[in-house]
Amino acid sequence: MISEKQYRYYQRLHQNRLNLVIHVVGSIMFIAGNILMLIGLINFIDFSQIFIGLTLLFVAIALQAIGHQFEPEQFDGFKGPFDFVKTFYLELFIFFPVFLFSPYFMENWNKK
């Protein structure tokens, strides 16, 4: 369960409409890239699928970084490589999709 405090913190970091759009696209790309890599591994190490999946992951991560440049409040940063991976997977697989369908997203989207 996501707490009110977590929603409000996430909401503060995602106020800009362009960043919200970038996050929608980036989240879909990140999830699709992971699924494609998994399919590539299941399909007897299909390197083309793994490569395309990895490419989607890297583009999605780059998009997130670009989107956050438009935000008035910046993210504190990562505490190391494990925190980087953990944060991206939690955010793009779980938190952002939940946030997308929450009133917090709409509140930010409707800001002038």
Side-chain angles (χ1 to χ4, degrees):
M1 179 93 183
I2 300 170
S3 72
E4 174 80 16
K5 183 179 176 182
Q6 290 170 313
Y7 269 122
R8 289 294 178 192
Y9 173 74
Y10 197 81
Q11 185 182 32
R12 280 196 330 269
L13 296 177
H14 299 87
Q15 298 177 45
N16 181 278
R17 191 177 281 189
L18 179 57
N19 187 35
L20 292 172
V21 171
I22 288 171
H23 269 65
V24 169
V25 172
S27 185
I28 292 167
M29 289 176 72
F30 191 81
I31 292 168
N34 277 279
I35 291 170
L36 197 54
M37 286 190 321
L38 185 59
I39 291 170
L41 289 171
I42 292 169
N43 285 337
F44 305 105
I45 315 295
D46 184 335
F47 290 110
S48 63
Q49 289 176 326
I50 294 170
F51 177 75
I52 293 169
L54 275 172
T55 301
L56 286 172
L57 256 62
F58 287 120
V59 171
I61 290 168
L63 283 174
Q64 307 296 316
I66 291 167
H68 276 285
Q69 293 177 1
F70 299 105
E71 290 295 343
E73 190 166 330
Q74 295 297 310
F75 175 65
D76 292 337
F78 303 102
K79 296 175 181 109
F82 177 75
D83 186 53
F84 175 81
V85 171
K86 178 190 81 166
T87 300
F88 263 94
Y89 275 89
L90 285 175
E91 178 177 336
L92 297 178
F93 265 100
I94 298 168
F95 209 91
F96 187 77
V98 172
F99 177 74
L100 179 63
F101 295 102
S102 76
Y104 303 97
F105 179 91
M106 288 310 297
E107 188 178 312
N108 282 3
W109 183 262
N110 291 326
K111 284 183 181 177
K112 300 269 179 193

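Just so it is clear, the structure is predicted and the values come from calculations on it, not from any experiment.
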Of all heavy-atom pairs between A60 and G26, which one has the smallest distance, and what is that distance?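 Reported closest heavy-atom pair: CB-O, 3.3 Å.
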Could you pull out all residues at least two apart from [X] that satisfy side-chain contact (heavy atoms from CB on, under 4.5 Å)?
| X | result |
| --- | --- |
| L20 | H14, F99, F105, N108, W109 |
| F84 | I61, F78, F88 |
| L38 | I42 |

Return the set of residues passing salt bridge (Lys or Arg N to Asp or Glu O under 4.0 Å) with D83 (not counting sequence neighbours), or none when no residue passes.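 Listed in chain order: K86.
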Listed by chain and number, what are the salt bridge (Lys or Arg N to Asp or Glu O under 4.0 Å) partners of E107, not counting sequence neighbours?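 For E107 the salt bridge (Lys or Arg N to Asp or Glu O under 4.0 Å) partners, ignoring immediate neighbours, are R8.
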Identify, with sequence neighbours excluded, every residue that meets side-chain hydrogen bond (donor to acceptor under 3.5 Å, both in side chains) alongside [X].
| X | result |
| --- | --- |
| Q69 | none |
| Q15 | none |
| R12 | E73 |
| N34 | Y89 |

Going by salt bridge (Lys or Arg N to Asp or Glu O under 4.0 Å), name the pairs with one or both residues in residues 21-31, residues two or more places apart or in two chains.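 Matches after skipping sequence neighbours: none remain.
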Keeping to residues at least two apart or across chains, list the salt bridge (Lys or Arg N to Asp or Glu O under 4.0 Å) pairs with something in residues 13-28.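 Residue pairs passing salt bridge (Lys or Arg N to Asp or Glu O under 4.0 Å), neighbours aside: none found.
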A side-chain contact here means heavy atoms from C-beta on lying under 4.5 Å apart; do [X] and [Y] qualify?
| X | Y | answer |
| --- | --- | --- |
| L57 | M37 | yes |
| F101 | M106 | no |
| F30 | L56 | no |

Tell me, please, which residues at least two apart from F95 pass ring-ring contact (aromatic ring centres under 6.0 Å, His included).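 Result, ring-ring contact (aromatic ring centres under 6.0 Å, His included) vs F95: Y7, Y10.
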May I ask whether [X] and [Y] are part of the same hydrophobic cluster, defined by side-chain heavy atoms of I, L, V, M, F, W, Y residues being less than 4.5 angstrom apart, directly or through others?
| X | Y | answer |
| --- | --- | --- |
| L18 | L63 | yes |
| V85 | I31 | yes |
| F75 | F82 | no |
| V59 | I22 | yes |
| Y9 | I2 | no |

Verdict with supporting geometry, Q64 and H23, side chain to side chain donor-acceptor pair (under 3.5 Å): CA-CA 6 Å; Q64 307 296 316; H23 269 65; 2.7 Å; yes
Within this structure, what is the [atom1]-[atom2] distance for the pair [X] and [Y], rounded to the nearest 0.5 Å?
| X | Y | atom1 | atom2 | result |
| --- | --- | --- | --- | --- |
| L90 | F96 | CG | CZ | 15.0 Å |
| I50 | L36 | CD1 | CG | 9.0 Å |
| I52 | I39 | CD1 | CD1 | 11.0 Å |

Side-chain ([X]) to main-chain ([Y]) donor-acceptor, under 3.5 angstrom:
| X | Y | answer |
| --- | --- | --- |
| Q11 | Y104 | yes |
| E71 | N19 | no |
| N43 | D46 | no |

Is the count of non-hydrogen atoms from other residues, nucleotides or ligands lying under 6.0 Å from K5 atom NZ greater than 12?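 Incorrect, the count does not exceed 12.
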